[in-house]
Amino acid sequence: MTQAAPQERVFHDDPVVEHPSVSAYRIPTDLPGGDATLTWDATTLVLAEATAAGRAGIGFTYGSAATAPVVEQEPANLVVGHDAFDVPPPTTG
């Protein structure tokens with residue numbers, strides 16, 4: 001697997017991402033769930049937060065709590081100091 005090279009940092013007068021943080025929350029389900037292979041009584045929500053110019057934005061996913069450190073380390077290195085409004089369009093393909 002190849003990793004894309006980080007893009008050159010471009011600084012503008014727009015707010016820049018200052019401080020990302022990640023949390024994981026185990027949320028009990030109201031009824032046990034399951035499929036043909038597993039059963040569960042809770043789900044884990046991984047919440048990512050980033051601040052810029054005193055405002056916060058969030059994103060989330062569901063998965064193992066083990067995802068939180070990966071989300072915290074890898075994307076943080078790519079977004080801190082970047083324009084908070086410089087969001088690339090979604091890719092298709």
Side-chain angles (χ1 to χ4, degrees):
M1 179 191 320
T2 61
Q3 185 175 7
Q7 294 181 353
E8 183 177 325
R9 292 180 186 240
V10 178
F11 295 95
H12 301 282
D13 291 334
D14 293 330
V16 296
V17 178
E18 300 162 352
H19 177 42
S21 65
V22 179
S23 306
Y25 300 94
R26 187 174 186 274
I27 304 168
T29 57
D30 54 349
L31 297 170
D35 58 21
T37 59
L38 298 169
T39 60
W40 55 87
D41 61 358
T43 189
T44 302
L45 179 131
V46 179
L47 176 70
E49 300 176 84
T51 59
R55 299 244 172 136
I58 65 168
F60 69 93
T61 189
Y62 297 98
S64 167
T67 15
V70 175
V71 172
E72 190 165 35
Q73 293 168 12
E74 299 303 321
N77 294 332
L78 299 174
V79 299
V80 170
H82 283 269
D83 181 344
F85 294 117
D86 187 15
V87 179
T91 58
T92 59

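We're numbering straight along the sequence, starting at 1.
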Distance-minimising heavy-atom pair for Val46 and Ala68
CG1-CA, 4.1 Å

Heavy-atom closest contact (Val17 atom, Val79 atom, distance):
CB-O, 3.3 Å

The reported gap from OG1 in Thr61 to CG in Leu47 (rounded to nearest 0.5 angstrom) is 11.0 Å

Write down the atom of Leu38, the atom of Trp40, and the distance for their closest heavy-atom approach.
O-CZ3, 3.8 Å

Nearest 0.5 Å please: distance from the NE2 atom of His19 over to the OG1 atom of Thr51.
6.5 Å

Can a donor-acceptor pair be found, under 3.5 Å and without considering hydrogens, that links the side chain of Thr29 to the backbone of Asp41?
yes

Inter-residue atom distance Ser23.OG - Leu45.CG, 0.5 Å rounding:
9.5 Å

Tell me the closest heavy-atom pair linking Val71 and Ala48, and the distance in Å.
CG1-CB, 4.3 Å

Just so I know, are the side chains of Val80 and Pro20 near enough to count as touching, which here means a heavy-atom distance under 4.5 Å?
yes

Can you see which heavy atom on Thr44 is nearest to which on Ala24, and at what distance?
CG2-CB, 4.3 Å

Provide the closest heavy-atom pair for Glu49 versus Ile58 in the form atom of the first, atom of the second, distance.
CG-CG2, 3.8 Å

